[in-house]
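Order of the sequence lines fixes the chain letters, A, B, ..., with proteins taken first and strands second; residue numbering starts at 1 for each chain.
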Amino acid sequence: MQPTIKIGTADFHVAKAPLILESQGIGSCVVTCLYDSTQKVGAICHIILPTQANNLNPKRFANTALPLVFAELERLGCRRTHLVAHLVGGASMFHGLGTFINSIGNQNVIAVKQAITQQGIRIIGMDVGGTVGRNVVFDLRTGEVTVASKS
Amino acid sequence: MDATDALGPLKKVTAVTTDCAAEAIAKLTGQQVTTTVSTVRLVAIEEVLAEIGDITSVTSVVVVKIGGDMHGLLFLALNPGDARSITKDTIKQTLTQTYIDQDLNVLCEMTNIIAGAMLNSLSQLLDLRLEQSPPAGTTDILGAALDPFLAEFGTKFDKVLVQKEVFSIPAQGSSLKLLAIIDPPSTDRILQKIKADSQNATNY
């Protein structure tokens, strides 16, 4: 069994194969899996909000966490032209509890897509939206992303 | 005084709301209820999920948002098997059906009543005007169900006040978790009210 690193809410991790990265309990959050197959280096970034406000933890927000991840990937020898991305999450888990709760998942997806495509990184897989929670496993040996939901 | 000391006065207040919640659950289910875990502490947004247990487990969840003089939410969580037992006792049905949406509806109504009991006692105790939203429920991965609410707190705050209660129903072998999550300005408001009330009591 390969060693697995679990990445929590508002956190990211960059690593090399043969590690497996895992992030769990993804509702309105968006998890971005980034992979460079030439280096067998990848990252999981688990954001909960689209845009930073009030100098809060930068790992919480798409617009501040992802640039930190890109920098770390480059430090490990990845080139942006080689990177591909999978997006997971952005669900709308509840209705009737206000506009923020209804829309935050979709706002997160939009913000992450924008941050990724601005860097010229291709998005090759998305499992986003809907009303279900998700868990994601990212195998850095192959770049394979496996998404599981309750059913 | 550190943050933990500052929260000391809150424990008397949360003890009252916990008793009200336990009493409401006991009346609804017709069963004896015990409180097995009761904590109140300030928790970083990123750490709140760890307070509630296995975030990957499929869990029945009901949320009621709190408004008025205090902003936060009540989050009831229990495994679907326990949800089945509890709703069975509440609506006196036979335990032959599988878990269905009806159980979640019953849980929503139970949470509405439990939240009402807790907020009513808090309102009377501290002279606060409190409102509660209609309940909303789902059965899904626990962490996923909580994270939109953490996101909402996370737009403004680093930490929130988390009151965690675990209620057990020994006759059923079931339990349910209740988290009350309150934002920092509301926590300050409650602490100020407690301070003012204790000073008034001393003045008498």
Side-chain angles (χ1 to χ4, degrees), chain A residues 6-12 22-31 46-62 65 88-108 111 130-137 147-151, chain B residues 43-67 71-75 77 79-80 99 104 108 111-112 115 131-160 184:
Chain A
K6 291 188 178 177
I7 293 92
T9 303
D11 201 2
F12 65 78
E22 192 174 333
S23 203
Q24 302 168 324
I26 309 157
S28 61
C29 296
V30 172
V31 163
H46 186 149
I47 61 97
I48 63 173
L49 285 159
T51 312
Q52 191 185 31
N54 305 325
N55 282 327
L56 297 166
N57 176 8
K59 292 182 181 178
R60 208 178 272 178
F61 306 91
V88 179
S92 182
M93 302 294 297
F94 290 92
H95 293 281
L97 290 177
T99 309
F100 181 92
I101 299 299
N102 287 348
S103 66
I104 188 60
N106 189 44
Q107 289 179 51
N108 281 335
T131 57
V132 294
R134 298 167 170 97
N135 296 322
V136 61
V137 177
V147 180
S149 55
K150 68 172 178 180
S151 54
Chain B
V43 181
I45 295 288
E46 288 77 10
E47 307 294 326
V48 173
L49 286 173
E51 289 287 307
I52 199 161
D54 177 9
I55 62 167
T56 65
S57 62
V58 173
T59 305
S60 296
V61 164
V62 182
V63 181
V64 171
K65 292 181 83 172
I66 305 165
H71 292 276
L73 61 91
L74 292 170
F75 187 90
N79 78 51
Y99 182 74
L104 199 55
C108 282
T111 309
N112 200 29
E131 298 162 358
Q132 67 184 74
S133 73
T138 188
T139 298
D140 209 312
I141 298 166
L142 179 58
L146 187 53
D147 79 15
F149 304 100
L150 297 182
E152 191 167 29
F153 286 116
T155 58
K156 293 182 185 166
F157 309 112
D158 272 327
K159 292 185 174 183
V160 285

Chi angles and distances behind the side chain to side chain donor-acceptor pair (under 3.5 Å) call for B:E46, A:N57: CA-CA 9 Å; B:E46 288 77 10; A:N57 176 8; 3.0 Å; yes

Winner by heavy-atom pair count (cut-off under 4.5 Å) against chain B, out of [options]:
| options | answer |
| --- | --- |
| A:T9, A:V132, A:I101 | A:I101 |
| A:L97, A:T51, A:N135 | A:L97 |
| A:N108, A:I48, A:T131 | A:I48 |
| A:R60, A:H95, A:Q24, A:R134 | A:R60 |
| A:G105, A:G27, A:S92 | A:G27 |

Atom group of B:F157 that falls short of 4.5 Å from chain A, counting heavy atoms: backbone

Per-residue contact mode, B:S133 against chain A (heavy atom under 4.5 angstrom): side chain

Looking only at heavy atoms and a cut-off of under 4.5 Å, which of [options] has the most pairs with chain A?
| options | result |
| --- | --- |
| B:P135, B:A50, B:A145, B:A44 | B:A145 |
| B:L49, B:D158, B:V48 | B:D158 |
| B:K65, B:E152, B:K156, B:E47 | B:E152 |

Any donor-acceptor N/O pair, A:K150 side chain to B:T139 backbone, under 3.5 Å: yes

Under 3.5 Å donor-acceptor, A:Q52 side chain and A:L56 backbone: yes

Validation row: B:V61, A:F94 side chains within 4.5 angstrom (heavy atoms): yes

Contact class of A:A91 relative to chain B, heavy atoms under 4.5 angstrom: neither

For the student: nearest non-hydrogen atoms of A:S149 and A:G133, plus distance: CB-O, 3.3 Å

Atom of B:D147, atom of A:C29 and distance for their closest heavy-atom approach: OD2-SG, 3.0 Å

Residues forming a side-chain contact (heavy atoms from CB on, under 4.5 Å) with A:Q107, sequence neighbours excluded: A:P50, A:S103, A:I104

Partners passing side-chain contact (heavy atoms from CB on, under 4.5 Å) against B:S57 (at least two apart in sequence or in another chain): B:D54, B:T59, B:L142

